[in-house]
Structures are given as structure tokens and as C-alpha cells.
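Worksheet for the structure shown next.
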Amino acid sequence: MKQSKFILLLFLISFFIRAFIFQFYLSKNEKYWQIDSNTYHLIAQNIAQNCKISADGQNPSFYRLPGYSLFLAACYKIFGENKVLALWVQVLLASFIPILIFFLSLILFPANILLAQISSLYSCFQLGLVLYSGFFMTESLFIFFFLLFAILFFSFDKKKLFWAGIFLGLASLIRPVGHYLIFLSILILLINQDLFINKIKKIILIFLGWFIIIFPWLLRNYLLLGQIFFHTLPGGHFLYFSATRVCMIPNNCTYQESRQKIEQKVKESFDKHETKLGRKLNDIESCNIMQNLAIKIFKKYPIIALKHWFTDILRTSLSLYSSEIILLENKREHPNYFSEKHNIWCMFKRYLLPQTDNIFLKIIIYLEIILFVFILFGFFMCLIKFNFVQNFILLKILLFILLFLFTGLSGGFSRMRLPIEVFLIILSFKWWLSWFFQSKIIKNF
């Protein structure tokens, strides 16, 4: 089959599956609506109506990055404030993701067209990529720009690195990992085999492209609050999602009791600083105080903190995307991750012994487990079999994988690893294809 025909077929399969799931499942009873969706929607409304990045129409918003709300606002301007139509645009964009995976695979392993075809076909059906194409969340839009960045970046072509920076900048305004990715990209360019002067030129080009995109956002925040920052999410996130849980063990209390104590300390610290300044704290000042308090707790109880981080990274690594369907079928009743009785076994038990009478859902869960084990096995065998010195690209890919997993240290949701599923799929099928063609299976034909 010619490459152009394969790409067209790939898109049609991808779009049909995503459109079918969205039309007949996610769009019913607003199943596409997630816990953070309303914030993005409100900000998008205000951008579309009065060009203000604000949730309430009056106070500037700093808590989340503006990229996804800007995308929604553009859809609202064109189609009216219709969430479903905006999501149809997202479904259409997400349908190109398997095509981008096809080209990324060819960039990483140019001689292996079969690997690119199988990896991209598999991604058409991968549950996480399918589900999140229709959720009112950032994942699909981020992955779309992240893959464009990765395709250009891994070419290591000086002419393409500027545009790699541009797409990384766009991704950086959607999910708060872009500043980590740019520094990792610079590190990889430094260790790449090249003349030193060429390394410097490439670093300047990718950083310039990235900085052009993110500069207006950083400038806006500086002009409004007097500090350079991307968002104010880290303060409350690390304090209440991680540090509060760390305090549960030494204080021998529940999560709610621990949170009440932490909130009291936060209030006292706020009052102290506001008295000193003679005014109310702004958003970034409040964020910094909460973040510093979280760091103090981590330093005080480092072993407990490491244990919680390991648990959350493990949940990020191994949680199933079908958990989103379980949540929807259980009327959005979340498992109590913050309970002192919740341990690693509870995570596995949720999937191995799912609490549902829906046979079809159980089939989806067990099928995802089988496929995920298949992908993980191939991935780890690829790391074991292929020499990192001879296949230096493997080390570079692994660094990206580790970065995304590390960002899950205070979250533990499967969606946090969704961007690296792309690499897992490609590397896994690289080993499986190698094993298949070297085994007796193919020799018997």
C-alpha cells in the first residue's frame, strides 16, 4: 500500500473510532465533563466575550495556563458557546494523532516502515488516546502539539529546531510541563554527537522558538503581579495533594484532620505576611507561601514524602484509562486515594476485581490490562535487548519518559503519562517485531 493511501486510511479509522465513542457515549449526559472542565469553560467564555483571561469576568486568572481556554474560545467565536461543537473540533484534531505517531516512528527509526505502520494503527484503538479525544480536558490538544515538537526535535535538523521550539511553546501554554521539556531538550542537544558550535546554534534556535510563544504570557503575569511565573497551581497542589498526606502519618490522623491543620497554618502565614506588607496577598505570593510550606514539610519528613511520591509515580505508571469509564459508571464517585487505609494493593484491586456488574465494562478493563502488559513487556525487553550506546536514541526517549513519570509524583493519574504512551508503543513494537522476525514463527513460513 502506498504511504499516502495508508495515511488516509489511518485518519479514517482514527476519526471513525473517536467520533463513534464521542457521539454515542461521551456526549450523552455530558460524560465528557471532568472536574477541571468548568474552569476552562468559564475562562474561554470571558476570552470570547471580552478578551479577558478571567474565570469571573473581573479578576485575572493565574491558576491555570491559558492554552486550552484559548482553543475553546476560538471555537466559541466560530460556533457560538457550544461545548459539544468545540469538542467535535477537538475530536477532529485528535484523529491526526496516529498520523503524527506514524511520522515520529519514522523519525526515530527511519528504516522501519512496518514499525511506523503498526504503531500508528495500534494508537487508533489505544483507549487513553480515544477517550481523552472527547473529554473536555487539555490532553489531546497538548499531545497534538507535543508530537509536532517531537517529530521536529528528534530530526536534530538545525532548520527544524526553531519550529520545534514554536510547537513546544504552544504545548507549554496548555500543560505545565513545557519549562521542564525545554531544559531537557537543551540537555539532549548538549550530549548529542555534534560540533560544539552547532550545539550552541541549535540550542539558541529551539529556545528562541519556545520563548517567542511563552513570552507574552510571562510578560502579562509580570505586569499584573510583578513576578515571572507560568501559573499558580503548584502551591495548593503540592500542599494539599502531597504535603497534607505526608503529615497524616506522624500526626496519626485522617486526611481531613491533617488538611484542617495545614489550612490553619496557611491562614496564619497569610495573616503574618499581609500584616507585614500592609495589603492582601496576590495570587503568586499566596502560591509561593503554600509551596514553601509544602517544601518544609517534605524536608521534615523526607522518608514519608519519598514513599508518597513513589506511590503516586507508580499510580501514574500503572493506572488504567478504563478507570475513567469506571468513574462515569459509578456516577463520578472517586476512590478515596487520601485515606490512611488506601495502599498499593487497593490500586491493583480496583482493576483486578472491579466493583461493577457491567459485563461489557469488565471486558474492557481486562482487555486493557492484557494489552498494557503486552506493551510494557515489549518496552522493557526493548530496553534490555538494544544497546544504548549503539542506539543512542533510546536514551533520549527514555529521558522524556522519565520526565513525564516524575511529574506524576503529586498526582498519580493515568492521564499524566498519556503523552509518553506514544514512546511506549513504538519501543514495544520495535522489540516485538524484532522477536517475531528472528523467531521460528517466521522461519516456518
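Because the structure is a prediction, the values reported are computed rather than measured.
- Here the closest non-hydrogen pair linking Ile97 and Ser140 is CD1-O, 3.9 Å.
- Inter-residue side-chain proximity for Arg245 and His308 is flagged as met; some heavy-atom pair is nearer than 4.5 Å.
- Phe379 contributes atom CZ, which lies 9.0 Å from atom CD1 of Ile397 (distance to the nearest 0.5 angstrom).
- The environment of Gln193 atom CD is sparse: at most 12 non-hydrogen atoms of other residues, nucleotides or ligands sit within 6.0 angstrom.
- Side chain of Ser69 to backbone of Ile43: no donor-acceptor contact under 3.5 angstrom is found.
- With hydrogens and angles disregarded, a donor-acceptor distance shorter than 3.5 Å links the side chain of Ser54 to the backbone of Asn59.
- Just one residue in the list Glu274, Glu285, His273 forms a side-chain hydrogen bond (donor to acceptor under 3.5 Å, both in side chains) with Arg279, and that residue is Glu285.
- Residue Phe183 places its CZ atom among 12 or fewer non-hydrogen atoms of other residues, nucleotides or ligands, all under 6.0 Å distant.
- Cation-pi check for Lys396 over Phe156 is met; the charged atom lies under 6.0 angstrom from the ring centroid and within 45 degrees of its normal.
- Nearest heavy atom pair, residue Ser27 against residue Gln23, reads OG-O, 2.8 Å.
- Between Phe149 and Phe145, the distance from one ring center to the other does not fall under 6.0 angstrom.
- No more than 12 heavy-atom neighbours from other residues, nucleotides or ligands sit within 6.0 angstrom of NZ on Lys272.
- When all heavy atoms are compared, the tightest approach of Lys160 to Ser155 is CD-OG, 3.5 Å.
- In this structure, the separation between SG on Cys124 and CD1 on Ile17 is 6.0 Å, given to the nearest 0.5 Å.
- One distance of note links CD1 of Ile425 with OG of Ser120; it measures 10.0 Å at 0.5 Å rounding.
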Checklist entry - How far apart are the C-alpha atoms of Gln256 and Gln260, what are their side-chain angles, what is the distance that settles it, and do they pass the side-chain hydrogen bond (donor to acceptor under 3.5 Å, both in side chains) test? => result CA-CA 6 Å; Gln256 290 302 326; Gln260 287 173 4; 5.4 Å; no
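- Remark: side-chain polar atoms of Ser258 are paired, donor with acceptor, to backbone N or O of Thr244 under 3.5 angstrom.
- Side-chain contact between Ile166 and Trp210: absent, with no pair of heavy atoms (C-beta onward) separated by less than 4.5 Å.
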Item to check | Criterion side-chain hydrogen bond (donor to acceptor under 3.5 Å, both in side chains) on Glu257 and Asn251, from CA distance to verdict | outcome: CA-CA 9 Å; Glu257 291 169 341; Asn251 293 328; over 6 Å; no
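- Ser133 has its side chain out of reach of Gln90: every pair of non-hydrogen atoms, C-beta onward, lies at least 4.5 Å apart.
- Contact annotation: the side chain of Ser14 approaches that of Pro98 to within less than 4.5 Å [non-hydrogen atoms, C-beta and beyond].
- Ring geometry for Phe96 versus Phe144: interplanar angle over 60°, hence perpendicular rather than tilted (30 to 60°).
- Enclosure of atom CD1 in Ile228 is not indicated, since only 12 or fewer non-hydrogen atoms of other residues, nucleotides or ligands lie within 6.0 angstrom.
- In plain terms, the two heavy atoms of Leu72 and Ala86 that are nearest each other are CD2-CB, 4.1 Å.
- No side-chain heavy atom of Phe167 sits under 4.5 Å from any side-chain heavy atom of Phe153.
- Of all the heavy atoms in Phe142 and Ile174, the pair that sits closest is CB-CG2, 3.9 Å.
- Contact annotation: the side chain of Arg175 never approaches that of Phe146 to less than 4.5 Å [non-hydrogen atoms, C-beta and beyond].
- Taking 4.5 Å as the limit, every side-chain heavy atom of Trp431 sits out of range of all side-chain heavy atoms of Ile384.
- Cation-pi geometry between Arg259 and Tyr240 is met: under 6.0 angstrom from the ring centre, within 45 degrees of the axis.
- Ser410 and Trp309 share no side-chain donor-acceptor pair at under 3.5 Å.
- When atom types are taken as modelled, the side chain of Asp312 and the backbone of Gly408 share no donor-acceptor pair closer than 3.5 angstrom.
- Cation-pi geometry between Lys83 and Trp33 is met: the NZ or CZ atom falls under 6.0 Å from the ring centre, inside 45° of the normal.
- For the pair Lys430 and Phe386, the distance from NZ or CZ to the six-membered ring centre is under 6.0 Å and the angle to the ring normal is within 45 degrees.
- A side-chain donor-acceptor contact under 3.5 Å links Ser172 to the backbone of Leu168.
- Side-chain contact of Asn288 with Gln227: a donor-acceptor pair under 3.5 Å is present, judged by distance alone.
- Below 30°, between 30° and 60°, or above 60°: for Phe400 and Phe423 the angle between ring planes is between 30° and 60°, a tilted geometry.
- With Lys77 contributing its side chain and Ala48 its backbone, the two residues share a donor-acceptor pair below 3.5 Å.
- Ring to ring, Phe135 and Tyr32 are not that close: their centroids are 6.0 angstrom or more apart.
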Checklist entry - Can Phe22 and Trp88 be said to form a ring pair (Phe, Tyr, Trp, His ring centres under 6.0 Å), step by step? => result CA-CA 8 Å; Phe22 181 72; Trp88 271 113; 5.1 Å; yes
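- The CD1 atom of Ile375 sits 8.0 Å away from atom OG of Ser119, with the distance rounded to the nearest 0.5 Å.
- The heavy-atom pair separating Thr316 from Arg417 by the smallest distance is O-NH1, 2.9 Å.
- The six-membered or imidazole ring of Phe229 lies away from that of His179, with a centre-to-centre distance of 6.0 Å or more.
- Separating the CG atom in Leu161 from the CG atom in Leu208 is a distance of 12.0 Å, to the nearest 0.5 Å.
- Summarising the local packing, CG of Asn252 is surrounded by 12 or fewer heavy atoms from other residues, nucleotides or ligands at distances under 6.0 Å.
- In terms of modelled atom types and a separation under 3.5 Å, the side chain of Ser414 and the main chain of Ser319 share no donor-acceptor contact.
- No side-chain heavy atom of Phe62 sits under 4.5 Å from any side-chain heavy atom of Ile284.
- Between Lys31 and Glu324 there is no salt bridge, since no side-chain N of the basic residue sits under 4.0 Å from a carboxylate O of the acidic one.
- Between Tyr122 and Phe429, the distance from one ring center to the other falls under 6.0 angstrom.
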Item to check | Trace of the ring pair (Phe, Tyr, Trp, His ring centres under 6.0 Å) decision for His41 with Tyr76 | outcome: CA-CA 10 Å; His41 171 64; Tyr76 291 171; 5.6 Å; yes
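- Atom CD1 of residue Ile206 and atom OG of residue Ser185 lie 4.5 Å apart, to the nearest 0.5 angstrom.
- Side-chain N or O atoms of Glu368 include one that pairs as donor or acceptor with a backbone N or O of Tyr321 at under 3.5 Å.
- Between the side chain of Ser37 and the backbone N or O of Gln34 there is at least one donor-acceptor pair closer than 3.5 Å.
- A side-chain donor-acceptor contact under 3.5 Å links Asn82 to the backbone of Val84.
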